[in-house]
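Taking it in order: structure first as structure tokens, then the write-up.
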Amino acid sequence: MQGSPAPNEHETVGAYALGILDDAAATAFEAHLAGCEWCAQQLDELAGMEPMLAALADLPGAGTPAIAESLTAKPSPALAERLVEEVAERRASKRRRNFYLVGTAAALIIGGPFAAVATTGGGGDDGGGKKTEATRQAGSPAESAFAEMPDRVTATDPATRVSATVALEKKAWGTEAVLELKNVKGPQKCSLIAVGKNGERETLSSWTVPNWGYGIPDATTEKARKPLYVHGGAAFEPNQIDHFEVMTFDGERLVEVDA
């Protein structure tokens with residue numbers, strides 16, 4: 001995580017990104033997030049950690065050396081397996097309050113190799129250890145990954161005017177995706193959902209849009225004019241996906257993007 005260490009409520013951002021806070025703690029952090037640009041930046045960079053772990057947890061043999069070998073940057077095998085197992089158990093039991101251990105582990109490794117698994121793409125250098133121009137110009141790890149992915153689909157909803165571009169890359173475990181979202185106003189909670197050609201739906205990532213929104217062209221602040229970049233993963237292979245949907249937690253579809 002970038003920046004100097006921050007105390008107390010700032011440290012909650014790791015647990016919030018994983019979705020493991022209880023309702024009261026999540027509500028309290030969201031109130032803090034609305035006025036904290038530092039936490040908003042960190043949340044952008046951490047978006048996608050929980051769904052990436054969940055995607056691994058859904059795969060046969062998750063946490064095994066075979067899975068670890070498919071990752072571009074890896075924690076120790078024991079740590080990777082522990083995190084995947086924790087997310088699998090959380091998804092099965094539908095309880096968040098018992099998994100602060102995952103948030104603690106994530107906070108400890110945010111600055112380490114596993115952060116690259118969750119928030120970066122397949123590499124930002126030219127093969128000789130030098131970053132490409134696209135990577136140097138990009139900001140957050142999710143934005144850097146977006147800049148490196150050549151396969152993209154985009155759409156703008158005529159009613160909501162929300163614009164979305166999804167960058168895709170095939171992986172051994174399924175599909176890595178980075179969403180660029182523009183002209184979305186807050187506060188609201190949203191999810192990126194992949195809809196398969198077989199009709200199945202899979203959530204790649206979810207996030208909170210603060211009061212100021214993202215990618216608002218006529219906004220008075222730079223942070224509101226900047227698009228949101230969200231990193232996620234799906235068990236679908238790219239050719240199995242029919243389209244993507246950006247949905248609010250209230251069930252409103254903000255934009256649909258054909259794959």
Side-chain angles (χ1 to χ4, degrees), residues 1-54 83 86-87 90-91 94-112 114-115 118-120 139-143 162 178-192 203-216 219-232 246-252 254:
M1 189 178 297
Q2 297 177 352
S4 59
N8 300 325
E9 67 269 18
H10 299 299
E11 297 175 353
T12 310
V13 66
Y16 183 81
L18 289 174
I20 57 176
L21 294 177
D22 60 31
D23 292 339
T27 299
F29 178 75
E30 287 165 4
H32 165 76
L33 179 66
C36 181
E37 186 172 354
W38 188 90
C39 282
Q41 178 185 353
Q42 306 313 308
L43 188 60
D44 282 351
E45 296 185 7
L46 293 176
M49 285 193 71
E50 192 274 343
M52 289 285 282
L53 288 171
L83 289 170
E86 293 282 6
V87 171
R90 186 182 69 83
R91 283 159 61 90
K94 302 298 183 182
R95 295 193 302 268
R96 297 191 300 178
R97 62 180 179 274
N98 294 329
F99 294 97
Y100 283 97
L101 178 60
V102 185
T104 302
L108 291 174
I109 61 174
I110 289 304
F114 194 72
T119 60
T120 63
S140 69
E143 187 177 356
V162 174
V178 181
L179 169 69
E180 179 189 64
L181 193 63
K182 299 179 180 179
N183 207 29
V184 59
K185 299 178 180 179
Q188 59 184 326
K189 297 179 180 180
C190 304
S191 296
L192 175 64
T203 299
L204 280 70
S205 188
S206 58
W207 62 92
T208 295
V209 179
N211 293 333
W212 57 82
Y214 289 108
I216 310 297
T220 58
T221 63
E222 182 179 356
K223 64 182 179 182
R225 289 191 296 269
K226 185 177 179 181
L228 172 67
Y229 293 91
V230 179
H231 213 149
V246 177
M247 301 286 297
T248 70
F249 279 25
D250 295 329
E252 178 187 4
L254 297 180

The reported gap from CG in L254 to CG in L181 (rounded to nearest 0.5 angstrom) is 7.5 Å
Applying salt bridge (Lys or Arg N to Asp or Glu O under 4.0 Å) to K223 and not counting sequence neighbours gives none
Residue set satisfying side chain to side chain contact (heavy atoms under 4.5 Å, CB included) with K185, at least two apart, ordered chain then number -> I216
ask   = Do V230 and Y214 touch side chain to side chain, with heavy atoms closer than 4.5 Å?
value = no
Here the pair of heavy atoms bringing L192 nearest to W207 is N-CZ3, 3.4 Å
Decide yes or no for V246 and V162: does some side-chain heavy atom of the first lie under 4.5 Å from some side-chain heavy atom of the second? no
One should read off an interatomic distance between H231 NE2 and L179 CG, to the nearest 0.5 angstrom, of 11.0 Å
Hits for side chain to side chain donor-acceptor pair (under 3.5 Å) against S191, two or more places apart or cross-chain, chain-then-number order -> none
Interatomic distance, OG1@T221 vs CH2@W212, rounded to 0.5 Å, equals 8.5 Å
The side chain to side chain donor-acceptor pair (under 3.5 Å) partners of E180 (sequence neighbours excluded) come to Y229
